[in-house]
Each structure stands twice: as structure tokens, then as C-alpha cells.
Amino acid sequence: MKFGVVRRRRANWRSFRDLSLLMDHDLLYSILAGTSLEPVTKRQFVEYSKTVSMDYENIAFYDAVVTYSIMYDHFWRQLHPSDQVDPDTLAHILCNTGSKTKKRILANHSKLDPEWLFLIDRHCSSDEELWDYTKEASVHIYNSFLWTGSPNEVNVSGGLKRKIKLQIQAGKDLHPGIFKWALEEVLLNISQNLLPRFKQQQVLTNIGPGEIQRRWFLFLVGFFLSLIGIVLLWTIGFKQSTYYRVLMWPPLHTMFAGWAQWRSKFCFIHAAKGTYNPTGLIGKEYVVKTEDQCARETAHQYSHKLFAQVLLAGLVSTVVLMGIPPYRF
């Protein structure tokens, strides 16, 4: 699914993968807009991008283009109250959101990238001033992110860069829309590379070292109980009715549940409660509530998927044991 800038796609409830992509879409836009909550705030997203990967320039490019788009739309509406902004100008990225959201976005952008304050502090009282503002903003964004060799160069196709450069040099029809397709590629890059790793760390890893060891202990308990049960079945020679072998399901399920949670560093119970334990220390005082709704839904979805795999593994193993014909070795 391509991450469109103007409109969101509706969920296809017949496809588990489409639902997952839609939730990733909502999570990404809430993070970039600065409206997400713990443990997936924009500050955490930016810090992660700086320490783990080289994707911070993509976030900075998004912030610059969105800030430019919002201010362009603001100035245009002041100068031309009766005219509609051309949708191709990209000013509709976030202009359909509420005024509180727009103010929060601008506040977050101004704190995140001080060099872009000139986009917010400018005042345009005429079309000439708006043109100067548009020219300055377009050139600055191109030189900072699209010019080959710039420190914050984003990964955008060369043909698209040349097209934007020629349009800026021609000085005709300059508006935020010239960065529309570049922003599409940048958002797709973030959604495919940075977001999955960030989500894995912040949402799909909800327990720390202490609780991870407890899940390993749970696996060992289930493993030894299963081993004892199989030894007992071997001793009696599988000569009795196969129905009593269903008693092997609880230890097998415990073993697979412990293994899955230990390996994925993910707890089913925390996901069901909407909590996580980043420290891994034992105790209720170390458990933190997941405030972000999208993060909770993502954790629930992952929990259902992982639990279904555990349940299937336990059932298949039990069925295999029940399928052994009754005879003495």
C-alpha cells in the first residue's frame, strides 16, 4: 500500500495485511504530526532515527515541506479569501485537520528544526511578498534536501530532483506542490525502513530483561512437563485410549507460549492490558500504561497473531501425539 499524502485509504477487513498497513499509516502520520503519545512520541521517533539509522533527514524534509505548505495555505487565504487553494499545491496535506492540530504541528516543527523558523515568522501582505517567500522556501528546501551532495540529502529519484530543479530555475508556478512526489517517496521510505524498526522497539518489545527471563523459565517449565508426559506415554506403551493424550496440550502450550514470548520479547498479558515494562524489573510500580491508542491497537494485533501461532503449535503437537496408534513398544 502506498502512503498517499492527501487521503487515507480505508481498511480492507478481509485482509489482515491491509489492516496492518492501515494501522502503520495512522501511526506514522500521528507520529509525524506530533499528536502521538507514549511510547511512540515524535521526540522518541527522532531520537531513534538519529541513533540507529540515517533516516533523520527524511523526517526533517517532511517537517520542512509540511510547515511550508501550512504557511503557504495561511498566506494565500489571507490574500485571497474567496479563492480556493489549488489541491496540487500540497497545502491540503494537513489543512483539513483542526486548528488545534495545526498549531501543535507548527509548534513541534519550530522546536524540532530552528533553521526553519523563517517559514513561520514571515508575514506576507501582498502577492509579491508571497512570491518572494515561496521562492526562498523552495530554494532552501531544495538546497538542504534535494541538491546532490547536501549533508541532509534524501533518497529521491534523480529524475524527480532534476524536474524540481528546473521548475525552481524557471521560476514559474512555484508552490509547495513541486515537492509532492518527492514527499511521497520520502514517506514511503520512512514507512518501509524506519517505522518498522521503531515499532519493533517501542511497541512490539514490551518487556525488559527481567521479564524476558521469566518467559524463559516458563518455557523450561512447559518443556520439562511435556518431556515427563512423553516419557510416561512411552512407558505405558501408548496402549491406552488416545483421548487421554489430550492432557498433553497444557504443558505443550505453556512451552510454546514461553518460547514465543522469550524470543519476541513480547508479553501477551501486557498487550491485553495496554501496558509495557521498559525496565524489565519485577513489580507493578515498573509497569507503564501505553497512552497512544494506535500503539495499543498495534500491540493487540501483534498479540493476536503471535498467540494464534502458539495455539496452533500446541494443537498440532497434541494432535500428532493423539494420532500415534495404541501399541506397546
Side-chain angles (χ1 to χ4, degrees), residues 4-8 29 32-35 42 46 57-154 156 159-187:
V5 176
V6 179
R7 294 184 179 179
R8 298 179 179 180
Y29 270 89
L32 293 177
T35 58
K42 185 169 186 177
V46 170
E57 64 273 8
N58 291 327
I59 303 176
F61 176 71
Y62 173 87
D63 288 338
V65 174
V66 167
T67 304
Y68 172 32
S69 302
I70 293 177
M71 296 310 298
Y72 181 90
D73 177 75
H74 174 69
F75 294 144
W76 180 272
R77 293 177 186 274
Q78 283 186 336
L79 297 174
H80 307 279
S82 59
D83 294 341
Q84 292 289 334
V85 180
D86 186 353
D88 290 335
T89 63
L90 196 64
H92 289 251
I93 300 178
L94 295 170
C95 290
N96 292 328
T97 60
S99 58
K100 292 183 179 180
T101 302
K102 289 171 59 177
K103 290 179 181 179
R104 187 184 300 112
I105 292 170
L106 291 177
N108 287 334
H109 289 346
S110 64
K111 294 177 182 178
L112 183 62
D113 298 304
E115 64 174 305
W116 299 101
L117 282 176
F118 78 94
L119 292 175
I120 302 175
D121 294 338
R122 291 285 292 272
H123 299 280
C124 299
S125 57
S126 65
D127 289 335
E128 290 75 15
E129 291 182 355
L130 179 59
W131 171 256
D132 293 337
Y133 171 80
T134 303
K135 179 73 173 180
E136 180 182 357
S138 300
V139 170
H140 194 66
I141 291 176
Y142 177 84
N143 291 337
S144 299
F145 301 105
L146 300 177
W147 176 63
T148 303
S150 61
N152 296 320
E153 183 181 2
V154 295
V156 176
L160 188 55
K161 291 181 180 179
R162 287 191 295 270
K163 182 179 179 181
I164 296 174
K165 180 180 179 180
L166 292 175
Q167 191 166 354
I168 293 177
Q169 290 177 342
K172 296 181 180 180
D173 298 328
L174 287 184
H175 49 69
I178 65 175
F179 301 106
K180 177 177 181 178
W181 300 114
L183 188 59
E184 287 274 4
E185 292 188 14
V186 166
L187 286 174

Look at the aromatic rings of His80 and Trp76 and report parallel, tilted or perpendicular, splitting at 30° and 60°.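 Judged by the thresholds at 30° and 60°, the geometry between His80 and Trp76 is tilted.
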Does any donor atom in the side chain of His140 or Glu136 lie under 3.5 Å from an acceptor atom in the other side chain?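 Distance-only check fails for His140 and Glu136.
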Will you find, in the side chains of Ser138 and Tyr68, an N or O donor that is under 3.5 Å from an N or O acceptor?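 Checked: Ser138/Tyr68 side chains pair up, N/O donor to acceptor below 3.5 Å.
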Can you check whether [X] reaches [Y] side chain to side chain, under 4.5 Å on heavy atoms?
X      : Y      : result
Tyr72  : Leu130 : yes
Arg77  : Asp73  : yes
Ile59  : Lys42  : yes
Val186 : Val65  : no
Asn152 : Phe61  : no
Phe145 : Asn58  : no
Val154 : Glu185 : no

Test side-chain contact (heavy atoms from CB on, under 4.5 Å) on Leu187 and Tyr29 and set out the steps. CA-CA 10 Å; Leu187 286 174; Tyr29 270 89; 3.3 Å; yes
Taking all non-hydrogen atoms of both residues, which atom of Leu79 and which atom of Asp127 are closest, and how far apart?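 Looking at all heavy atoms of both residues, the closest pair is CD1-OD1, 3.6 Å.
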Got a donor-acceptor contact below 3.5 angstrom from the Ser150 side chain to the Trp147 backbone?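 Here the side-chain-to-backbone pair exists.
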Name each donor-acceptor pair under 3.5 Å that joins a side chain in residues 160-170 to protein atoms two or more places apart or in another chain, with its distance.
{"residue": "Lys161", "atom": "NZ", "partner": "Glu153", "partner atom": "OE2", "Å": "2.4"}
{"residue": "Gln167", "atom": "NE2", "partner": "Asp173", "partner atom": "O", "Å": "3.3"}

List for me each residue that meets ring-ring contact (aromatic ring centres under 6.0 Å, His included) alongside Phe75, sequence neighbours excluded, and say none if there are none.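 Residues passing ring-ring contact (aromatic ring centres under 6.0 Å, His included) with Phe75: Tyr133.
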For Asn143, all residues meeting side-chain hydrogen bond (donor to acceptor under 3.5 Å, both in side chains), sequence neighbours excluded: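 None.
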Spacing of SG belonging to Cys124 relative to CE belonging to Met71, to within rounding of 0.5 Å: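 So the gap between those two atoms works out to 8.0 Å.
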What pairs with Ser126 under side chain to side chain contact (heavy atoms under 4.5 Å, CB included), at least two apart in sequence or on another chain?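 Side chain to side chain contact (heavy atoms under 4.5 Å, CB included) check on Ser126 returns Glu128, Glu129.
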